[in-house]
Amino acid sequence: MYASLSEKHEHKKVLPDLEKSEKGVVMRFAPNPSGPLHIGHARAAALNDAYVKQYGGRYILRIEDTDPKRVDPEAYEMVREDISWLGLGITETVTQSDRFSLYYDLCMQLIERGGAYVCTCDNEHFRELKQAKTACPCRDLPVATNLERWQKMLDHEFKEGEASVRIRTDLDNPDPAMRDFPAFRILDAPPHPKVKAHVYPLMNFSVVADDHLLGVTHVIRGKDHIANTRRQKYIYDHFGWQVPVYRHYGRMGIEGVVLSTSQMRLGINEGTYTGWDDIRLGTLRALARRGICPEAVKNAMLAIGIGDTDISFSWDNLYAENRKIVDPVANRYFFVPDPITVTIEGAAPHTAHAMLHPGDTARGTRTLEFDGSVLLPKSEISPGTSMVRLKDLFNVKIVWDGNIPSFSYGGDSLAEARAVKAPIIQWLPAQAAVPCTLLTQEGEMKGVCEPLVGAELDRVVQFERIGFARIDSVDASGIRAYFTHK
RNA sequence: GCUGCUAUAGUGUAGUCCGGCCAAUCAUGCGGGCCUUUCACGCCCGCGACUGGGGUUCGAAUCCCCAUAGCAGCACCA
């Protein structure tokens with residue numbers, strides 16, 4: 001009985017089983033190095049990671065840099081950093097630009113098998129033929145001719161746009177997307193930052209080649225790849241290779257942040273964003289800067305799972321995951337936004353001892369010395385407020401003369417403050433407050449905080465009654481913190 | 001236009017394959033209460049959904065058909 005109770009209590013989100021996983025799995029995460037990773041990438045990264053951990057096996061990071069137009073040389077390093085931050089169990093890394101000769105080899109073999117041909121047709125013309133389910137003249141050329149043409153491609157005798165390799169599929173396939181799709185193209189420019197080439201494999205070819213060569217057993221990717229999966233099966237069949245198990249999860253809409261790499265880049269160049277880690281962006285480094293933990297990101301992604309329905313990602317759910325992680329560890333401090341200086345009449349010096357964490361008394365206290373005047377959040381003091389309690393200190397009576405308040409000592413009794421429902425607010429000694437800027441996605445909040453916060457650099461703290469924040473920088477001019485969430 | 005995928009509360013998710021135990025799970029959110037020198041955490045109570053219409057059946061969230069809506073592909077991007 002107790003067993004079943006605790007079982008239910010510890011109910012953990014488990015991903016649905018994958019078939020053919022008994023002997024372990026080989027999976028891969030395959031980003032394109034066009035920029036840093038964002039929350040959308042995290043889904044594929046986390047799901048594959050979780051399955052490899054569940055079944056055991058290898059987890060390959062494959063950098064898919066086969067399109068020189070979409071390669072940012074700096075992104076290789078950024079992707080590496082982001083993956084390391086996420087804490088994926090990557091067991092090996094391959095970069096496709098290192099493997100062009102493998103693809104060329106396989107292409108030749110495929111042509112020899114009659115599974116591919118070199119097409120020199122004009123693009124527009126080919127499209128019309130395709131719509132009409134008609135073979136282009138190149139399709140029926142003998143293998144020997146195709147091999148010659150392939151050699152001419154490699155020798156750069158064909159220029160950009162003059163020839164491409166196509167996979168022989170089924171012209172009668174009702175889906176026009178399946179008919180003789182391209183596998184290699186020629187690009188004269190731009191140069192690839194990592195490899196000297198003009199013949200480039202297209203994704204459907206290089207992906208099949210590598211999935212097979214690397215022994216990938218299961219592929220989990222977005223359903224935008226569902227057509228690619230069907231196309232890729234033609235290549236597997238031509239080679240007689242075994243097809244991996246595929247799962248396609250639905251589209252994930254993400255509100256409120258910019259995710260498109262090109263838009264982000266543009267915004268950075270124009271100065272709209274401070275960089276790839278601008279907190280208004282959905283990059284992993286932006287989340288990190290705000291104090292979102294990698295485990296929270298992964299947990300949120302696993303909770304979403306691999307369903308094939310289109311979903312809209314909810315920040316609330318991610319924040320809830322993060323709060324579970326951060327709340328038990330974050331020290332508590334006072335941050336007074338938009339402070340006003342107030343002198344309190346009739347109060348003797350007091351020393352306040354506020355707990356660093358109310359759930360963990362062993363952590364001790366911060367000490368705040370009261371000596372006559374304090375800083376209070378302006379928004380808490382408005383006509384009609386007759387008493388507030390300064391948290392961990394004492395009560396303050398407020399008397400209003402029109403719009404002019406005067407403050408006086410109101411006793412130490414917490415019970416009295418409760419009795420009149422006085423708000424218990426954060427405060428700082430006027431003499432011991434450090435300038436602090438809290439940056440949120442909506443803008444800056446200027447204020448002051450406890451000096452001790454300076455020792456929390458790079459950690460997440462909780463500003464009482466405000467929310468969690470990551471301390472981003474500490475210097476002579478003050479502290480800068482990024483708002484995490486409530 | 002052609003091809004394909006999907007449709008459970010505000011959001012995510014379980015159940016759908018093998019119809020009844022589902023007047024539908026869990027989380028998050030929201031409302032209320034308790035606890036508490038934070039509007040955090042914790043605890044309690046509540047709110048809230050099977051896209052619509054037909055059909056099969058003793059019985060349908062679950063099977064079939066149609067409709068509607070959303071998404072994806074038809075790139076020399078990944």
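These numbers were taken from a predicted model, which means no experiment stands behind them. Sequence lines set the chain letters: A, B, ... in the order given, protein chains first and strands last, and positions in each chain run from 1.
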Base, sugar-phosphate or nothing for S34(A)? Non-hydrogen atoms, less than 4.0 Å.
nothing
In this structure, how many angstroms lie between the P atom of A78(B) and the CZ atom of R221(A), rounded?
12 Å
Using a cut-off of 4.0 Å between protein heavy atoms and nucleotide atoms, how would you tag nucleotides 1-6 of chain B 5' to 3' with B, S and -?
-BSSBS
Within this structure, what is the CG-to-P distance between N322(A) and A40(B), rounded to whole angstrom?
16 Å
Could you tell me how far C30(B) sits from G53(B) if I compare only their C1' atoms? Round to whole Å.
33 Å
Over all strands shown, is E64(A) touching base, sugar-phosphate only, or nothing at heavy-atom distances under 4.0 angstrom?
sugar-phosphate
Please determine whether a side-chain nitrogen of the Lys or Arg among R389(A) and D412(A) lies less than 4.0 Å from a carboxylate oxygen of the Asp or Glu.
no
For Q96(A) and A78(B), give me the distance from atom CD to atom C1', rounded to whole Å.
10 Å
Just call it for K486(A): base, sugar-phosphate, or nothing, with non-hydrogen atoms closer than 4.0 Å on any strand.
sugar-phosphate
What's the CZ-P distance between R366(A) and U38(B), to the nearest Å?
11 Å
Taking any heavy-atom pair under 4.0 Å as a contact, classify P31(A): base, sugar-phosphate, or nothing.
nothing
Nucleotide A75(B), atom P - distance to NE2 of H225(A) in whole Å
17 Å
Rounded interatomic separation in angstrom, taking CE from M301(A) and P from G12(B)
13 Å
Within a strict 4.5 Å, meaning less than it, do heavy atoms of the L202(A) and F181(A) side chains meet?
no
Check every strand shown and say whether N123(A) touches a base, only sugar-phosphate, or nothing at a heavy-atom separation below 4.0 Å.
base
For the pair H192(A) and F100(A), name the ring-plane relationship: parallel under 30°, tilted 30 to 60°, perpendicular over 60°.
perpendicular
Spacing of the C1' atoms in A69(B) and G52(B) (rounded, Å):
11 Å
Please report the distance separating the C1' of A61(B) from the corresponding atom of A14(B), rounded so that it comes out in whole Å.
12 Å
One pair to check against side-chain hydrogen bond (donor to acceptor under 3.5 Å, both in side chains): S314(A) and D316(A). What are the steps and the verdict?
CA-CA 5 Å; S314(A) 160; D316(A) 275 341; 4.8 Å; no
Could you tell me the separation between the CZ atom of R43(A) and the P atom of A78(B), rounded to a whole number of Å?
22 Å
Among C71(B), A75(B), A78(B), the one nearest R70(A) by side-chain distance
A78(B)
Over all heavy atoms of both residues, which pair between M301(A) and A46(A) is shortest? Give the atoms and the distance, please.
CB-CB, 3.9 Å
From N146(A), T145(A), D180(A), residue fulfilling side-chain hydrogen bond (donor to acceptor under 3.5 Å, both in side chains) relative to Y117(A):
D180(A)
In whole Å, measure the gap between the P atoms of U51(B) and A7(B) for me.
9 Å
For D224(A) and R332(A), take the nucleotide of RNA chain B holding the closest heavy atom to each; which residue's nucleotide lies nearer the 5' end?
R332(A)
Answer yes or no: is there an ion pair linking E162(A) with K159(A), defined by an N-O contact shorter than 4.0 Å?
no
Distance between P atoms of C50(B) and U28(B) (Å, rounded)
23 Å
D327(A), nearest nucleotide to its side chain (from U13(B), U38(B), C41(B)):
C41(B)
Between R389(A) and U37(B), is there a side-chain N or O to OP1/OP2 distance below 4.0 Å?
no
Is it the case that more than 12 heavy atoms not belonging to K378(A) sit under 6.0 Å from its NZ atom?
no
Output one line per pair: protein atom, nucleotide atom from nucleotides 27-32 of chain B, and distance, for all N/O pairs under 3.5 Å.
residue: U28(B); atom: O2'; partner: N317(A); partner atom: OD1; Å: 2.8

Among Y319(A), Y482(A), W315(A), the one residue meeting side-chain contact (heavy atoms from CB on, under 4.5 Å) with I292(A):
Y319(A)
Between A14(B) (C1') and L15(A) (CG): distance, integer Å:
13 Å
I'd like to know whether H218(A) forms a ring pair (Phe, Tyr, Trp, His ring centres under 6.0 Å) with Y51(A), so could you lay out the CA-CA distance, the side-chain angles of the two residues, the decisive distance to 0.1 Å, and finally the verdict.
CA-CA 9 Å; H218(A) 296 74; Y51(A) 273 124; 8.0 Å; no
Of the nucleotides A72(B), U37(B), A78(B), which one has an atom closest to the side chain of L414(A)?
U37(B)
Identify whether any heavy atom of G359(A) sits under 4.0 Å from a base atom; if not, whether one sits that close to sugar-phosphate; answer base, sugar-phosphate or nothing.
nothing
Whether R43(A) engages the ring of F313(A) as a cation-pi pair (distance to the six-membered ring centre under 6.0 angstrom, angle to the ring normal within 45°) should be assessed.
no
Kindly confirm or rule out a cation-pi arrangement of R366(A) over F334(A), judged by NZ or CZ under 6.0 Å from the six-membered ring centre and within 45° of its axis?
yes
Test applied, side-chain hydrogen bond (donor to acceptor under 3.5 Å, both in side chains); reference residue, H248(A); option that passes from N228(A), T229(A), D308(A), D224(A):
T229(A)
Carboxylate-amine/guanidinium contact R247(A) E19(A), below 4.0 Å:
yes
C26(B) to A9(B) separation - C1' atoms, rounded to the nearest Å:
13 Å
Tell me what F181(A) touches on the nucleic acid: a base, only sugar-phosphate, or nothing, going by heavy atoms under 4.0 Å.
nothing
If only side-chain N and O atoms of R127(A) are considered, is one of them under 4.0 Å from the OP1 or OP2 phosphate oxygen of C74(B)?
no
Result for 5'-nearest mapping on RNA chain B, choosing between N204(A) and K130(A), is K130(A)
Using atom P of each nucleotide, how far apart are C64(B) and G19(B) to the nearest Å?
11 Å
Whole-angstrom distance between G15(B) and C63(B), as gauged at atom C1':
16 Å
Where RNA chain B forms stems, i.e. three or more consecutive Watson-Crick or G-U pairs with both distances under 3.5 Å:
B:1-7 with B:68-74, B:10-12 with B:26-28, B:29-34 with B:42-47, B:51-55 with B:63-67
